[in-house]
Amino acid sequence: EVQLVESGGGLVQAGGSLRLSCTASGLTFDDYAIGWFRQAPGKEREGVSFIDSSDGTTHYVDPVKGRFTISSDKAKNTVYLQMNALKPEDTAVYYCTARSVYADKAWTNAWSYDYWGQGTQVTVSS
């Protein structure tokens, strides 16, 4: 059984930092890429970042480039999302998700992912 468990969310002031973790069980990063999505109230779910640990590919959505960094630790089967210089517009529930490394849809396509975590709330106050 595949499980993705997010942690690290919380309340932070604008300009602050948080590090989200996604610990996976039942799959390996050689076979599955990991994406981070977020959903704010009243908005659609959007892709934030992506990592394919089999070849080192990473992607970021434009609003977070230069502020967020995605990384993986294969030994711990954990992907991290380091979020710096947080803004109130980063407030959302953040979800970890996994898809095959052979998936051919855009990484921002939420329908291309097979497994989802339960989400972790990130709130950035102004």
Side-chain angles (χ1 to χ4, degrees):
E1 180 187 4
V2 173
Q3 281 192 318
L4 302 173
V5 180
E6 304 100 332
S7 61
L11 173 64
V12 65
Q13 288 188 333
S17 298
L18 285 173
R19 188 178 77 160
L20 304 184
S21 299
C22 171
T23 300
S25 59
L27 58 80
T28 70
F29 293 162
D30 288 332
D31 299 318
Y32 283 85
I34 300 295
W36 284 98
F37 281 69
R38 66 185 178 186
Q39 188 164 22
K43 294 189 176 181
E44 291 188 356
R45 192 169 295 192
E46 69 166 347
V48 175
S49 187
F50 170 93
I51 186 167
D52 180 346
S53 301
S54 70
D55 64 8
T57 300
T58 59
H59 297 293
Y60 300 92
V61 69
D62 283 347
V64 309
K65 285 181 179 177
R67 299 190 297 123
F68 291 11
T69 303
I70 193 168
S71 62
S72 68
D73 184 333
K74 286 188 177 183
K76 295 182 178 180
N77 236 31
T78 299
V79 167
Y80 303 98
L81 185 67
Q82 178 67 44
M83 306 187 296
N84 298 329
L86 283 162
K87 304 175 180 179
E89 51 263 44
D90 294 318
T91 295
V93 178
Y94 283 70
Y95 298 91
C96 170
T97 184
R99 73 177 195 182
S100 169
V101 296
Y102 301 108
D104 58 2
K105 299 290 192 295
W107 71 271
T108 52
N109 184 336
W111 294 102
S112 70
Y113 291 83
D114 303 307
Y115 304 102
W116 291 81
Q118 80 287 353
T120 186
Q121 177 70 47
V122 171
T123 303
V124 184
S125 63
S126 57

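Along the sequence shown, the residues carry numbers beginning at 1.
To the nearest 0.5 Å, atoms OG (Ser126) and NZ (Lys87) are separated by 14.0 Å. The distance from the CZ atom of Arg67 to the OG1 atom of Thr69 is 11.0 Å, given to the nearest 0.5 Å.
With contacts defined as side-chain heavy-atom distances shorter than 4.5 Å, the pair Phe29/Ile51 does not qualify. Residues Leu4 and Trp116 fail the side-chain proximity criterion, which asks for heavy atoms closer than 4.5 Å. Put simply, the side chain of Met83 does not reach to within 4.5 Å of the side chain of Asp90, judged on heavy atoms. A heavy-atom distance below 4.5 Å is not found between the side chains of Tyr102 and Asp31. No side-chain heavy atom of Trp111 sits under 4.5 Å from any side-chain heavy atom of Lys105. When side chains are defined from C-beta on, Asp114 does not count as touching Val2, because their heavy atoms never get closer than 4.5 Å. Proximity of Cys96 to Val79: side-chain heavy atoms (C-beta onward) are nowhere separated by under 4.5 Å. Looking only at side-chain heavy atoms (C-beta outward), Trp36 and Phe68 stay at 4.5 Å or farther from each other.
With Ser100 contributing its side chain and Tyr32 its backbone, the two residues share no donor-acceptor pair below 3.5 Å. Not a single donor-acceptor pair under 3.5 Å links the side chain of Ser21 to the backbone N or O of Glu6. For Arg99 (side chain) and Ser112 (main-chain N/O), no donor-acceptor pair under 3.5 Å exists by modelled atom type. In this structure, Asn77 contributes its side chain and Ala24 its backbone to a donor-acceptor pair below 3.5 Å.
The side-chain tip of Arg19 points at the ring of Tyr80 from less than 6.0 angstrom away and within 45° of straight on. Judged by a 6.0 Å distance limit and a 45° cone about the ring axis, Arg38 is not positioned over the six-membered ring of Tyr94.
The only option from Thr123, Thr91, Val12 that meets the side chain to side chain contact (heavy atoms under 4.5 Å, CB included) definition with Leu86 turns out to be Val12.
Taking all atoms of both residues into account, the shortest heavy-atom contact from Thr108 to Phe37 is O-CE2, 3.6 Å. The shortest non-hydrogen separation linking Ala33 to Val101 is N-CG1, 3.8 Å.
Crowding of Lys74 atom NZ: a count of heavy atoms from other residues, nucleotides or ligands under 6.0 Å exceeding 12.
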**Request:** Applying side-chain hydrogen bond (donor to acceptor under 3.5 Å, both in side chains), run through Asn84 and Ser17 and close with a yes or a no.
**Result:** CA-CA 4 Å; Asn84 298 329; Ser17 298; 2.9 Å; yes
**Prompt:** Are Asp55 and Thr57 close enough, and set up right, to give a side-chain hydrogen bond (donor to acceptor under 3.5 Å, both in side chains), and what steps lead you there?
**Reply:** CA-CA 6 Å; Asp55 64 8; Thr57 300; 2.8 Å; yes
**Request:** Please test Ser49 against Leu81 for side chain to side chain contact (heavy atoms under 4.5 Å, CB included), starting from the C-alpha separation and ending with a verdict.
**Result:** CA-CA 8 Å; Ser49 187; Leu81 185 67; 3.9 Å; yes
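Relative orientation of the Trp107 and Phe50 rings is tilted, given thresholds of 30° and 60° on the angle between their planes.
A salt bridge is defined here as a Lys NZ or Arg NE, NH1 or NH2 lying under 4.0 Å from an Asp or Glu carboxylate O, and Asp62 with Lys65 meets this definition.
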